[in-house]
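Here is the structure we will look at, set down as structure tokens.
As the structure is a prediction and not an experimental result, all values here were calculated from the model. Numbers for residues simply follow the sequence, beginning at 1. Whatever order the structure lists ligands and atoms in, that order sets their numbers, starting from 1.
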Amino acid sequence: MAEEKKLDVTKCSVDPVTVEMLQKAQAAGIETIFDRAEKMKPCPIGAEGSCCKICSQGPCRIPKPKKAGDDTKTRMGLCGATAETIGARNFARMVCAGAAAHNDHSRGTALLFKEVAHGRAQGYELKDVAKLKKIAKDWGVAITEGEGDDKKPRSAEVIAQEMADKILLEFGQQAGELTYVQRAPKKRLEIWREQGVVPRGCDIEIVELMHRTHMGVDQEYKNIIKQCTRTALSDGWGGSMISTDIQDVMFGCPVPVAGDINLGVLKEDHVNIIIHGHEPLLPEMIYVASQEPDMIQYAQSKGAKGIQLAGMCCSANEILMRHGIPIAGNYLQQELAMITGAVDAMVVDVQCEMQSLANIAKCYHTKLITTDNRAMIEGATMHIPFDDHHALDIARKVVREAIDNYPNRKSPVMIPSQSTPTVVGFSYETIQYLLGGSIRGSYYTLNDNIIGGRVRGVAGVVGCNNCRSMHDNSHLTLIKELLKNDVVVLTTGCSAMACGKAGLLTPEAATKFCGPGLAEVCETVGIPPVLHMGSCVDNSRILMAATACVKAGGLGNDISDLPAAGAAPEWMSEKAISIGHYFVTSGVYTVFGVTFPTTGSDILTDHLFKDLEQIYGGMWDFVADPDDMAKKMIAHIDKKRAALGIDKARERVLFDMEMRRDIAAAGHED
Ligand code: NFS
Ligand code: SF4
């Protein structure tokens with residue numbers, strides 16, 4: 001039998017730790033996602049969104065015409081569906097699943113919030129009462145009671161109880177508008193109202209879009225995309241924003257904190273527990289349980305020096321931002337964490353967990369513990385379901401399972417030596433505080449630097465890893481190019497972790513990677529040039545930051561006027577499509593890499609890439625190469641600078657800086 005061609009692991013990732021672990025996997029004969037990607041290529045018709053399987057007469061495939069002059073109009077599914085209808089339906093179902101993931105996460109958080117408010121949730125508290133009172137205004141919940149001399153503050157619990165009921169109603173609301181759309185710039189809200197896309201509730205838009213994409217319902221691509229907009233907005237300005245806010249109230253609004261990242265954070269002589277998934281509810285309690293002296297003693301009784309928690313995927317971002325718990329890695333490193341042989345338990349909740357973890361766990365001693373009734377994995381070691389009322393007890397049980405497993409490690413353990421320090425925790429509020437001091441509101445300091453030209457613009461670079469694209473490479477290439485061109489970067493999700501591993505999340509990165517203008521601003525404020533704003537639901541923090549820039553003044557009167565752009569260069573999940581679509585329809589030029597799910601229909605793709613700009617001021621784009629992606633984002637930023645009439649300022653600044661550098665250089669010549 002011919003020997004199979006060996007995968008060249010050096011081409012799989014730019015991260016040396018990942019390559020090192022892939023070599024170990026190969027030597028041990030353990031298959032990973034990278035091997036499977038080599039063996040199984042994607043179906044080209046499905047990849048471009050032109051395969052319809054929503055009824056059993058199909059799947060109907062409408063491959064893109066190869067020759068010029070071929071008319072897509074003549075090709076259709078058995079029912080007559082055109083390529084653009086099929087593409088729009090497929091795209092819509094991605095938006096649906098993505099928005100559902102975020103809004104369902106949010107519902108779980110809101111249900112817990114209610115229990116916490118009533119004192120029925122073991123272990124939890126209302127940690128950030130200042131934020132609770134601040135958002136109470138949005139929800140029309142009074143923070144004081146009585147009049148005149150009798151006026152007194154209401155307790156945090158009472159405020160939270162009333163707010164929780166109002167929040168929970170938003171999920172099933174059938175008419176009207178979601179509360180947080182009021183936070184958007186006035187002009188943005190007017191556009192949404194004119195278009196009829198203001199979301200009514202968090203659930204209804206998803207259900208309606210699923211209905212509309214059933215066989216034989218909505219067969220007008222523009223109308224389908226319009227409902228995609230309403231659904232995606234119910235994620236960004238609904239579910240995601242709600243969960244970010246109430247997670248902050250319960251677990252604390254992030255402030256800058258240092259923490260390490262990469263597989264080197266695991267410790268050979270400690271019980272290693274990896275928290276993997278997206279909802280920070282149980283992880284918060286696992287953190288508490290792992291700190292308890294009894295628990296540490298128990299770990300010691302099994303021969304370990306202590307307990308090392310580490311995060312994976314967005315749960316990692318949540319606990320790093322709030323407790324400085326290190327991050328083991330991003331999405332494509334989950335299998336590799338187990339392959340170290342040092343993970344005593346991997347605890348998963350929902351989203352982005354690979355089913356292959358169950359197989360890999362069997363090759364090692366690792367216990368794979370599922371904790372959410374919505375997300376079970378066949379072959380997992382055990383299921384310990386989360387419960388709002390006994391979360392701390394459940395967390396203790398999980399930690400004990402890991403400790404009990406410590407003596408079962410099989411050699412050889414191999415933990416890569418490398419991890420990288422980071423500074424994270426740049427919530428919207430923290431950025432405001434750090435920029436502070438101006439009478440016009442603190443985001444004005446940022447605007448002032450944009451207007452003056454030191455900062456060329458703002459980019460949000462977010463999203464996943466994708467094994468069809470070299471791990472972390474597009475994130476890093478794109479971001480470094482943006483920094484060089486004085487574009488400050490806001491990041492979340494797996495992109496944030498890629499930045500962390502590459503050393504971009506430290507204040508020192510400013511001098512190393514940035515153009516002179518951005519470097520100067522970062523040094524003055526003392527911030528990294530790439531600001532880690534959290535998990536993927538925390539993309540709502542980016543919406544809030546963009547809105548704050550608009551409201552601070554001087555950069556137009558809508559998000560679409562800002563010299564800003566967004567990107568998900570290595571996206572893979574349906575959540576990314578929902579996020580992308582709410583950014584686009586909030587006015588942001590948004591570029592995706594790897595592939596784009598509508599390229600099978602030029603008509604539909606033109607609608608998303610061109611028509612939407614006319615309606616929303618923001619539009620989609622697809623660029624596979626990260627350098628080209630940077631160029632297009634910078635060109636968009638410059639277009640917006642020119643429209644604002646601030647393009648000349650930047651030329652002046654650059655000229656000044658060059659002169660200053662020359663003078664400085666001349667002074668050092670002797
Ligand atoms: Ni976002 Fe976070 Fe990562 Fe992508 Fe998955 S972990 S929610 S979906 S892969 S960035
Ligand atoms: Fe084919 Fe139409 Fe059925 Fe889709 S809905 S599978 S295009 S017949």
Task: Partner of H105 by side chain to side chain contact (heavy atoms under 4.5 Å, CB included), out of C314, P280, C536 - done: P280

Open item on the list: Pairing donors with acceptors under 3.5 angstrom, does anything connect the side chains of H276 and Q334?
Closed with: yes

Task: N330 and H471: CA distance, side-chain angles, deciding distance, side-chain hydrogen bond (donor to acceptor under 3.5 Å, both in side chains) verdict - done: CA-CA 10 Å; N330 51 5; H471 174 230; 2.9 Å; yes

Task: Within-4.5 Å side-chain heavy-atom neighbours: S578 and T231 - done: no

Task: Count of N, O or S atoms belonging to protein, less than 2.8 Å from atom 1 (Fe) of ligand 2 - done: 1

- [ ] State whether a side-chain donor-acceptor pair under 3.5 Å links E318 with Q247.
- [x] yes

- [ ] Compute the centroid of each ring, for Y180 and then for W237, and state whether the two points are separated by less than 6.0 Å.
- [x] no

Open item on the list: Quick one, C352 and M572 - any side-chain contact, counting heavy atoms below 4.5 Å?
Closed with: yes

Task: Over 12 non-hydrogen atoms of neighbours within 6.0 angstrom of CZ in R61 - done: no

Open item on the list: Considering non-hydrogen atoms of the protein only, which is the closest contact for atom 6 (S) of ligand 1, and what is the distance?
Closed with: H278 NE2, 3.2 Å

Task: E574 vs R93 side-chain heavy atoms within contact, under 4.5 Å - done: no

TODO: Please determine, by modelled atom types, if N373 and H383 share a side-chain donor-acceptor pair under 3.5 angstrom.
DONE: yes

Open item on the list: Under a 3.5 Å threshold, yes or no: a donor from one side chain and an acceptor from the other, between H278 and S315?
Closed with: no

Task: Total protein N, O or S atoms, atom 4 (Fe) of ligand 1, separation less than 2.8 Å - done: 1

Task: Contact with ligand 2 for R89, non-hydrogen, under 4.0 angstrom - done: yes

Open item on the list: For R61, which part has a heavy atom under 4.0 Å from ligand 2: side chain, backbone, both, or neither?
Closed with: neither

